[in-house]
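Here the structure is laid out as structure tokens; the discussion comes afterwards.
Just so we're clear, the structure is a prediction, and the values are computed from it rather than from any experiment. Chain A is the first sequence line, chain B the second, and so forth, proteins listed ahead of strands; every chain is numbered from 1.
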Protein chains: 2
Amino acid sequence: MQNSEALALAAALLAAAGDLTRRVNDGVVARGFEGRPAYGFAFARLAPDGATVTDLAVHLGVTKQAASQLVDEIVRKGYAERRPHPEDARARLVVLTERGWACTRAAEEAIAEIVQGWAGVLGESEVGVLRDHLARIAPYGPLRPSW
Amino acid sequence: MQNSEALALAAALLAAAGDLTRRVNDGVVARGFEGRPAYGFAFARLAPDGATVTDLAVHLGVTKQAASQLVDEIVRKGYAERRPHPEDARARLVVLTERGWACTRAAEEAIAEIVQGWAGVLGESEVGVLRDHLARIAPYGPLRPSW
DNA sequence: CTAGTTGGTCAAGCTCCTTGACCATATAGT
DNA sequence: ACTATATGGTCAAGGAGCTTGACCAACTAG
């Protein structure tokens, strides 16, 4: 393996990720939602049944104070709400509102559209290969900065 | 293409990029340099023959004020220096110092090491396929947040 | 039932970026 | 040559998003 090939691979990976992040965010905004990339990962954690602020902090890799501020923000914008936790009076369960779900669906649409474009360039089967390769090299990568 | 497959691909791409960024930075720090991921892209632009602050700002996708502050930082840390520009008395040419070059080489070593690991998982030839796929889906992606 | 742990928030501060104002030099129009 | 505009760079102030530290309320283990 040539050194320059390793550099080219690293650059291509970062460029592809940066491009994806930007385009997903643009797609969500174009569908009428306001937000920043971090929302997407937060929503992914909240989606099934809600989560506590501490859960979210762990998921995002930030302090619980930062997660709490993010929740303030998405609550203020109407994407989620804080409810009493059914089993722990200290905790609060943060759950998506209907608008939060709509925003999540918008992000998924945007992603599907972009990946569709990749399939047009590489072909369906090669996109599957790409996904497989990526999953194998970074099974536990961090989830922070993007949709 | 299933929607969930598109989501899995997007998540894997972001995870891989985040993992790469973190590990390159760790590798550079482990080799005795202090820095943040943005340095790497700045150094890549400065490397051949130096660049002006404005060049750097365009390359990084930030304002020239931000680029100027970044240059302050890498100058203060001994990685670069400002010289008069040979053809324009308004401008200054920012060039890497020997320590700046050493830091760049350290980053390249770290990258080579990581990609080596990927070759161990996927095989040499598949790493080439991966690089090709990524280059084809994001030929002009942004270059900002990482080494 | 006290002692320690855990969920959450408030407050202050830091880092990195932005916008706005400004100066020095370069370039174009007349 | 001379004014007008564009460009390279910096200073200053402010904002977004994170951190650390302090703290309270409620859970859990001895």
Side-chain angles (χ1 to χ4, degrees), chain A residues 18 21-22 25 28-29 33-43 45-46 49-77 79-95 142-147, chain B residues 18 21-22 25 29 34-43 45-46 49-77 79-95 142-147:
Chain A
T21 300
R22 186 179 48 73
N25 199 35
V28 170
V29 170
F33 299 90
E34 56 169 344
R36 46 186 178 107
Y39 287 10
F41 285 128
F43 289 9
R45 183 68 186 77
L46 299 178
D49 304 295
T52 64
V53 164
T54 299
D55 287 342
L56 206 50
V58 171
H59 177 74
L60 297 176
V62 298
T63 60
K64 56 187 181 172
Q65 292 90 326
S68 186
Q69 288 175 15
L70 180 64
V71 170
D72 286 346
E73 211 177 305
I74 63 180
V75 166
R76 186 167 5 96
K77 289 183 179 164
Y79 295 132
E81 54 188 33
R82 289 185 225 248
R83 296 194 183 162
H85 193 289
E87 294 162 6
D88 187 336
R90 294 170 302 178
R92 314 235 235 150
L93 200 57
V94 181
V95 299
L143 288 153
R144 231 197 317 176
S146 64
W147 277 98
Chain B
T21 300
R22 185 179 47 73
N25 200 34
V29 170
E34 56 169 345
R36 48 190 176 102
Y39 287 11
F41 285 127
F43 288 9
R45 184 68 186 76
L46 298 179
D49 303 295
T52 65
V53 163
T54 298
D55 287 342
L56 205 51
V58 171
H59 178 75
L60 297 175
V62 298
T63 60
K64 56 186 181 173
Q65 292 91 327
S68 185
Q69 288 175 15
L70 179 64
V71 169
D72 286 345
E73 212 177 305
I74 63 180
V75 166
R76 188 169 1 99
K77 290 183 179 164
Y79 296 132
E81 53 188 33
R82 288 184 224 249
R83 295 191 183 165
H85 193 288
E87 294 163 6
D88 187 334
R90 295 170 304 177
R92 313 235 235 150
L93 200 57
V94 182
V95 298
L143 288 156
R144 226 191 327 174
S146 63
W147 277 97

For nucleotides 20-26 of chain C, print each protein N/O atom paired with a nucleotide N/O atom at under 3.5 Å, atom names and distance only.
{"residue": "C:dG20", "atom": "O6", "partner": "B:Q65", "partner atom": "NE2", "Å": "2.6"}
{"residue": "C:dT25", "atom": "O2", "partner": "B:R90", "partner atom": "NH1", "Å": "3.3"}
{"residue": "C:dA26", "atom": "OP1", "partner": "B:A89", "partner atom": "N", "Å": "2.9"}

Heavy-atom pair of closest approach, residues B:P37 and B:N25
CD-ND2, 3.8 Å

Within the pair B:R36 and C:dC16, is there a side-chain N or O less than 4.0 Å away from OP1 or OP2?
yes

Excluding sequence neighbours, so at least two apart, what forms side chain to side chain contact (heavy atoms under 4.5 Å, CB included) with A:V58?
none

Report the residue (B:L93 or A:A67) whose heavy-atom-nearest nucleotide on DNA chain D is the more 5′ of the two.
B:L93

Value in whole Å for how far the P atom of D:dG9 lies from CG of B:L70
14 Å

Strictly by side chain to side chain donor-acceptor pair (under 3.5 Å), give each pair with a member in residues 61-71 of chain A just once, sequence neighbours left out.
none

Rounded distance in Å - CD1 (A:I74) to P (D:dA16):
18 Å

Base, sugar-phosphate, or nothing: which does B:A66 touch, judged by heavy atoms less than 4.0 Å apart?
base

Sequence neighbours excluded, which residues qualify as side chain to side chain contact (heavy atoms under 4.5 Å, CB included) partners of A:D88?
A:H85, A:R90, A:A91

Can you tell me how far P of C:dT9 sits from CZ of A:R76, to the nearest Å?
14 Å

Output the single nucleotide from D:dG17, D:dT10, C:dC16 whose closest atom is nearest the side chain of B:E73.
C:dC16

Which heavy atom in B:V75 sits nearest to a heavy atom in B:E81, and how many Å separate them?
CG2-CA, 4.1 Å

A:R83 CZ to C:dG7 P, straight-line distance once rounded to whole Å
21 Å

With a 4.0 Å limit, can you tell me whether B:T63 has a side-chain N or O closer than that to the phosphate oxygens OP1/OP2 of C:dT18?
yes

With sequence neighbours excluded, tell me which residues meet side chain to side chain contact (heavy atoms under 4.5 Å, CB included) with A:R45.
A:A51, A:D55, A:L56, A:H59

When rounded to whole Å, the CG to C1' distance for the pair B:D72 and C:dT15 reads 14 Å

Specify the closest pair of heavy atoms between A:D49 and A:L93, including all atoms of both residues, with the distance to one decimal.
O-CD2, 4.0 Å

Rounded distance in Å - NE2 (B:H85) to P (D:dG8)
10 Å

Please work out which of the three classes, parallel, tilted or perpendicular, describes the rings of A:F43 and A:Y79, given edges at 30° and 60°.
perpendicular

Rounded to whole Å, the CZ-P distance (A:F41 to D:dC18) equals 13 Å

Which residue, B:V94, B:V95, B:T52, forms the side-chain contact (heavy atoms from CB on, under 4.5 Å) with B:R82?
B:V94

Nucleotide nearest A:Q69 (side chain, heavy atoms from C-beta), chosen from D:dT10, D:dA13, D:dC18:
D:dC18

Within residues 49-58 of chain B, those residues having any heavy atom closer than 4.0 Å to DNA chain D are B:T52, B:V53, B:T54

